[in-house]
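So the structure is just underneath, and the comments pick up after that.
Because only heavy atoms are used, hydrogens play no part in the values below, and waters and symmetry mates are left out as well, while side chains stay in. All figures in this text were calculated on a predicted structure; none of them were measured in a lab. Numbers here are sequence positions counted from 1.
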Amino acid sequence: MNSLVSADWLAANLDQVVVLDGSYYLATMGKDADNEFRKGHIPGALRWDIDAIADHDSTLKHMMPAAAVVAQAAAERGIARDTPVVVYDQLGMFSAARVWLTLKTIGHDQVSLLDGGLPCWRGALATGEADPVTPAVYENFSSQTLTVNRQAVQTALDASDTFVLDARSAARFNSVAPEPVAGLKSGHMPGALNIPYDHLLTAEGRFKSPDELRDIFTQLGVSGDERLITSCGSGVTASIVTFALSLLGVESLVYDG
C-alpha cells in the first residue's frame, strides 16, 4: 500500500482498511473535531484524537505518547500489526500526518494518508458516532524515536550538518502575524529555514508531485543529505513536512512541542 492514497482508491478498498479521522482544530478555528465527525465522516471511520492519545505527563498538548500507549489505542480501534490504515482529516491536510507519524513510532508500516483529506472524498458520508469495532491485539510493536526535544534542537541549530525546517506561515515565521497558541513567542529560532506546509500542497489540498516537492526543498538549500528536523507551533504541521520528505525517501525528525 502506498503511503499516499487517492479518494478513488479508498472508495474501492474501504472494506479492506481501517480508516482513522485524525482531525484537530486550533482554538482560534472555533470548531470541535468530535462534533464535526458526528456531522459527517467517511463510512466506517474511527476517531483518533491527538490530544486524547498523547503523553499526559507533559504540560504541552498532544505530545508523542509512549509506544505502549499508541499500540493500545490502535488495538482498541481494531488495528493489529498488519492492518492497513488510512488517515484523513476534515480540513484536508492539517493533522492527519501527525497520526501517521504516531503510528510510525510503533513500527506500523501499513499506514497511509488520504491525499486531500475529507474535502476530496466524493462518496457518501456517515453521521453520528463511530460504529463499534472488535478490538484487536497489537503484537510485536516496536518503539521508534521520530521526534526530538528542545535540547536536541538547540544543538542542531549550531550544527553545520543539520537544518531545522519551520512549517509555519511566512507571516508567523517573520513575526508579522500573531501565534494562534496562547503564550507562544513570535518569530522563529535563529538559523531555522521557513517552508510553509501549504506550499507543499496543491490548491485542492493534495500533495504536489515528487518532482515539485524536490524542487521546493532544493530551492531552500536542502539536498536530503543533511540531518533534518521539522518544526511548527506544536508538532502538528511539522509532521506534514516530514511526510513530504518521506515521499522523497528522505528522513527527518519532528520537534515535539
Query raised in the report: Side-chain contact, heavy-atom cut-off 4.5 Å: Phe217 with Val241?
Result: yes
Query - Carboxylate-amine/guanidinium proximity below 4.0 Å for Glu179 and Lys185 - result: no
Query raised in the report: Within a strict 4.5 Å, meaning less than it, do heavy atoms of the Lys208 and Arg214 side chains meet?
Result: no
**Report entry** Asp21 and Ser23: side chain donor to acceptor below 3.5 Å
**Finding:** yes
Query raised in the report: Can a donor-acceptor pair be found between the side chains of Ser252 and Thr230 at a distance below 3.5 Å?
Result: no
Query - Heavy-atom side-chain proximity of Leu113 to Tyr88 below 4.5 angstrom - result: no
Requested in this report: Evaluate the side-chain proximity of Tyr138 to Val70: yes if any heavy-atom separation is below 4.5 Å, no if none is.
Outcome: no
Query raised in the report: Checking side chain to side chain contact (heavy atoms under 4.5 Å, CB included) for the pair Val5/Val17: CA distance, chi angles, key distance, verdict?
Result: CA-CA 12 Å; Val5 301; Val17 301; over 6 Å; no
Query raised in the report: Looking at NE2 of His108 and OG1 of Thr83, how far apart are the two atoms once the value is rounded to the nearest 0.5 Å?
Result: 6.0 Å
**Report entry** Point-to-point distance, once rounded to the nearest 0.5 Å, from CG of Asp225 to CG of Asp161
**Finding:** 11.0 Å
**Report entry** Trace of the side chain to side chain contact (heavy atoms under 4.5 Å, CB included) decision for Asp89 with Tyr24
**Finding:** CA-CA 8 Å; Asp89 68 64; Tyr24 166 77; over 6 Å; no
Query raised in the report: In this structure, which one of Thr102, Val99, Val19 forms a side-chain contact (heavy atoms from CB on, under 4.5 Å) with Val87?
Result: Val99
Query raised in the report: Does the side chain of Val133 reach to within under 4.5 Å of the side chain of Val18, using non-hydrogen atoms?
Result: no
Report summary line: Value for CD1 (Ile195) from CD1 (Ile240), rounded to nearest 0.5 Å, stands at 11.5 Å
Query raised in the report: Would you call Asp32-Lys39 a salt bridge at under 4.0 Å N-O?
Result: no
Report task. Side-chain contact test, heavy atoms from C-beta onward, threshold under 4.5 Å: evaluate it for Phe243 versus Leu101 and give yes or no. Result -> no
Query raised in the report: Which pair of non-hydrogen atoms, one from His62 and one from Asp256, has the smallest distance, and what is that distance?
Result: O-OD1, 4.2 Å
Query raised in the report: Any sub-3.5 Å donor-acceptor pair from Glu76's side-chain atoms to Ala74's backbone N or O?
Result: no
Query raised in the report: Between atom NE2 of His56 and atom CG of Asp51, what is the distance when rounded to the nearest 0.5 Å?
Result: 8.0 Å
Query raised in the report: Are side-chain heavy atoms of Leu247 and Ser3 found at a separation under 4.5 Å?
Result: yes
Query raised in the report: Got a second to check how far Arg38's CZ is from Arg47's CZ, nearest 0.5 Å?
Result: 9.5 Å
Query raised in the report: Out of Pro196, Ser186, Pro180, which one pairs with Arg172 under the side-chain contact (heavy atoms from CB on, under 4.5 Å) rule?
Result: Pro180
**Report entry** Residue pair Met93, Tyr197: steps toward the side chain to side chain contact (heavy atoms under 4.5 Å, CB included) verdict
**Finding:** CA-CA 9 Å; Met93 192 54 63; Tyr197 77 90; 5.8 Å; no
Query raised in the report: Is any side-chain heavy atom of Trp9 closer than 4.5 Å to a side-chain heavy atom of Met1?
Result: yes
Query raised in the report: To the nearest 0.5 Å, what is the distance between CD (Glu36) and CG (Leu91)?
Result: 9.0 Å
Query raised in the report: More than 12 foreign heavy atoms under 6.0 Å from CD of Glu251: is that the case here?
Result: no
Query raised in the report: Stepwise, does the side chain to side chain contact (heavy atoms under 4.5 Å, CB included) test hold for Arg98 with Met64?
Result: CA-CA 9 Å; Arg98 178 69 184 194; Met64 192 64 73; 3.9 Å; yes
